[in-house]
Each structure stands twice: as C-alpha cells, then as structure tokens.
Amino acid sequence: MTGSITAILLAGARPIADPLATAAGVPVKPLVPVAGEPMINRPARALLGHPAIGQVIVLTQRPDVFAADPATAWLADHPRVQFETGGQGIASSLLALLEGGEVPFPILLTTADHVLLDQAMLDQFVGEATGADIAVAMVERATLLARYPDSRRTWLKFRDGWWSGANIFWFGSDKARPVIALWQEVEQDRKKGWKILAAFGPFALVGALLRILTLRGGIARIGRKFGVVARLVAMDSPEACIDADKPADVTLIEAILRGKSNSLVRSG
C-alpha cells in the first residue's frame, strides 16, 4: 500500500474564538505553539513521513494564514501537500471534497491538534483499518490511565470498557458516504455520546445504556446496518487520545515530547 492513502489533516477554526489561539495571539488553533513550533507541523510531518501515505490535504477555512507564517510556509510549498478550503463542519467539508471527485480512497483523516501522532500509531491504524469501509481509532481508559493517571478525557462506557476517541478515522471506499452524511447530522453533538448512539437506532442506545454491547460489536452492528465493514482500532499507544485541546493538554504533550527527546539523547 505504498503511497496509496490520501491523508486529510483537519486544520479548521471553530465558529467561536478558540481559547488556545486567543492566548497565543494566533489567528487559528493549528498555529498555536507546542514545544516550540505550530502544533500542525508535527502531525503533518508524521503523515508525510509514513510510506503508506501519498497526498496530504490540509482542510481549513484559512489557508492563507499557513502560507503567511514562516513556521508553516513549508506546508504550502510541499509538493505532496494540498490546501483545501473547508466549511464549519468536518463531515460537511469532507462530503464537499468527495463530491468534487478528486480525493481518492482510501482516506485517513486526522486533526492538526494530534501533536503526538507518530509512525507507530499510523502503522497500527493503517494495518488494522485496511480492508474496512469505515474504521475509527479509540483508546480504552485503562490504557491511558496506566501511564497518565491524571489525564482527563471524554469517555463512552460499554461492556468492554470506557473508550475515548483518538481522532484518527478511515474511509476505505465510497460505501462510507452514508455514514459520513449521518456524521454530518450529529457532529455538533460529538461529545454527547448518547445523542450519537441514538442516531444509529434505539438498539444501539439502549444496548449502551444497559451495557450489553461491546464497542467492537456495536461498531460492527452499525456497519451492517449501513451495508459496510466497520471496525474499531483499539490503539496500543495511550498518547493516541491526547490532543492539544486545553492548556493542561499542551503542558502534558510538551512533557511527553521532552521525555522522548531525552530518551533519544540517552540512547544516542
């Protein structure tokens, strides 16, 4: 699968001012400095450095600000990076791209605040998502808390544990369109788990409330409802669900990056 995956890197802005961007004095959150450089640079380099990924599409409402910033101008000049102007919603922007017919499947979608994204995460996700029409990366709470006991996430409880999203998604074929369309309807409530479940039907909602569904089984059942192969990728790395969403997240991410840098120095 060398170079065959299209990566979409979400670098949009919220309808209201982002607190991190305001505090940093930058026009959009992906330009907020984390560990000495705009947060978008690290996931962008991870994507471009992975052998399975070909083109990287940066989806944003403000492509101009990335070209104007000296620290991110390299993205605008990179031969494998393409900027596309998106709307306010992730799913609606993705659907608009697909309507243009210029974005080939499979598609891997992630976010500019996924600062800790690395080759190992991409290896696992691509390896386990390949062959599915839809796949979503999640981290089980025990995986995260074993290493970062003070980290706070949004959790969905199922019979097989408490799960948090890792902001990596897979759309393996055109069969994914109906699911993306449903995502468009519920994305404003993406942190309200019961509303998302209810959109997939009463069985999914009641099953989750009674804890009679595993997350894997629930995702597979949803896939069958839409006639697609849907898959959970349970990420091995706890860092997969740590994004730069709050000041405390940035502090934790910078500490993790310092630890990795120190480890490399010691091993070298």
Side-chain angles (χ1 to χ4, degrees), residues 5-50 52-91 93-94 97 103 107-122 125-126 137 165-170 187 190 237 239-258 260-261:
I5 298 171
T6 302
I8 296 179
L9 184 58
L10 300 177
R14 298 174 179 175
I16 59 174
D18 183 88
L20 286 179
T22 300
V26 294
V28 291
K29 178 183 170 184
L31 291 178
V32 171
V34 177
E37 64 178 326
M39 66 171 69
I40 190 175
N41 279 359
R42 291 181 185 274
R45 286 199 300 266
L47 293 170
L48 289 165
H50 197 277
I53 291 173
Q55 183 183 32
V56 175
I57 297 174
V58 179
L59 190 58
T60 178
Q61 297 97 340
R62 295 289 309 277
D64 57 305
V65 300
F66 297 97
D69 191 311
T72 54
W74 69 275
L75 285 167
D77 295 332
H78 198 286
R80 289 168 51 212
V81 176
Q82 171 184 338
F83 277 81
E84 293 288 346
T85 303
Q88 293 299 326
I90 298 171
S93 299
L94 180 56
L97 276 180
V103 181
I107 295 168
L108 183 152
L109 183 147
T110 190
T111 57
D113 61 4
H114 204 326
V115 184
L116 297 173
L117 185 71
D118 61 19
Q119 299 301 293
M121 292 182 204
L122 290 170
F125 184 75
V126 170
N167 282 348
I168 316 175
F169 304 90
W170 175 270
E187 66 183 344
R190 63 187 179 276
S237 169
E239 292 86 1
C241 70
I242 300 175
D243 53 12
D245 204 35
K246 305 181 294 294
D249 299 327
V250 174
T251 299
L252 176 58
I253 288 167
E254 290 180 333
I256 292 169
L257 291 172
R258 282 195 302 272
K260 289 183 176 181
S261 178

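Hydrogens, waters and symmetry mates play no part in the numbers below; they use all other heavy atoms, side chains included. Because the structure is a prediction, the values reported are computed rather than measured.
- Atom OG1 of residue T111 and atom CD1 of residue I90 lie 8.0 Å apart, to the nearest 0.5 angstrom.
- Atoms OG and CG, from S93 and L10 in turn, are 8.0 Å apart once rounded to the nearest 0.5 Å.
- Between the E84 side chain and the L59 main chain, no donor and acceptor come within less than 3.5 Å of each other.
- In this structure, the side chains of P30 and T60 stay at 4.5 Å or more apart for every pair of heavy atoms.
- For residues 55-87, the pairs satisfying ring-ring contact (aromatic ring centres under 6.0 Å, His included) are F66-F83, with sequence neighbours left out.
- The ring pair (Phe, Tyr, Trp, His ring centres under 6.0 Å) search around F125 returns none, not counting sequence neighbours.
- Checking each of T251, I253, N41 against V34 for a side chain to side chain contact (heavy atoms under 4.5 Å, CB included) leaves exactly one that passes, namely I253.
- For the pair L108/L47, a side-chain contact is recorded, criterion being any heavy-atom separation below 4.5 Å from C-beta on.
- For the pair I40/V58, a side-chain contact is recorded, criterion being any heavy-atom separation below 4.5 Å from C-beta on.
- The side chain to side chain donor-acceptor pair (under 3.5 Å) test applied to Q55 returns Q82, not counting sequence neighbours.
- Smallest separation of non-hydrogen atoms from G165 and C241: O-CB, 3.4 Å.
- How far CG of L94 is from CG of L109: 6.0 Å, rounded to the nearest 0.5 Å.
- Inter-residue side-chain proximity for L97 and I8 is flagged as met; some heavy-atom pair is nearer than 4.5 Å.
- The distance from atom OG1 of T110 to atom CG of L117, rounded to the nearest 0.5 Å, is 5.0 Å.
- Identified under the salt bridge (Lys or Arg N to Asp or Glu O under 4.0 Å) test for residues 23-39, with sequence neighbours left out: K29-D113, K29-D245, E37-R42, E37-R45.
- For residues 62-72, the set of pairs meeting the salt bridge (Lys or Arg N to Asp or Glu O under 4.0 Å) definition, not counting sequence neighbours, comprises R62-D64.
- For T72, the side chain to side chain donor-acceptor pair (under 3.5 Å) criterion is met by no residue, not counting sequence neighbours.
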* Would you please test E239 and D118 for side chain to side chain contact (heavy atoms under 4.5 Å, CB included) and show each step? => CA-CA 10 Å; E239 292 86 1; D118 61 19; over 6 Å; no
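- To the nearest 0.5 Å, atom CG of residue L252 and atom CG of residue L116 are 7.5 Å apart.
- Without hydrogens or angle criteria, H114 side chain to L9 main chain gives no donor-acceptor distance under 3.5 Å.
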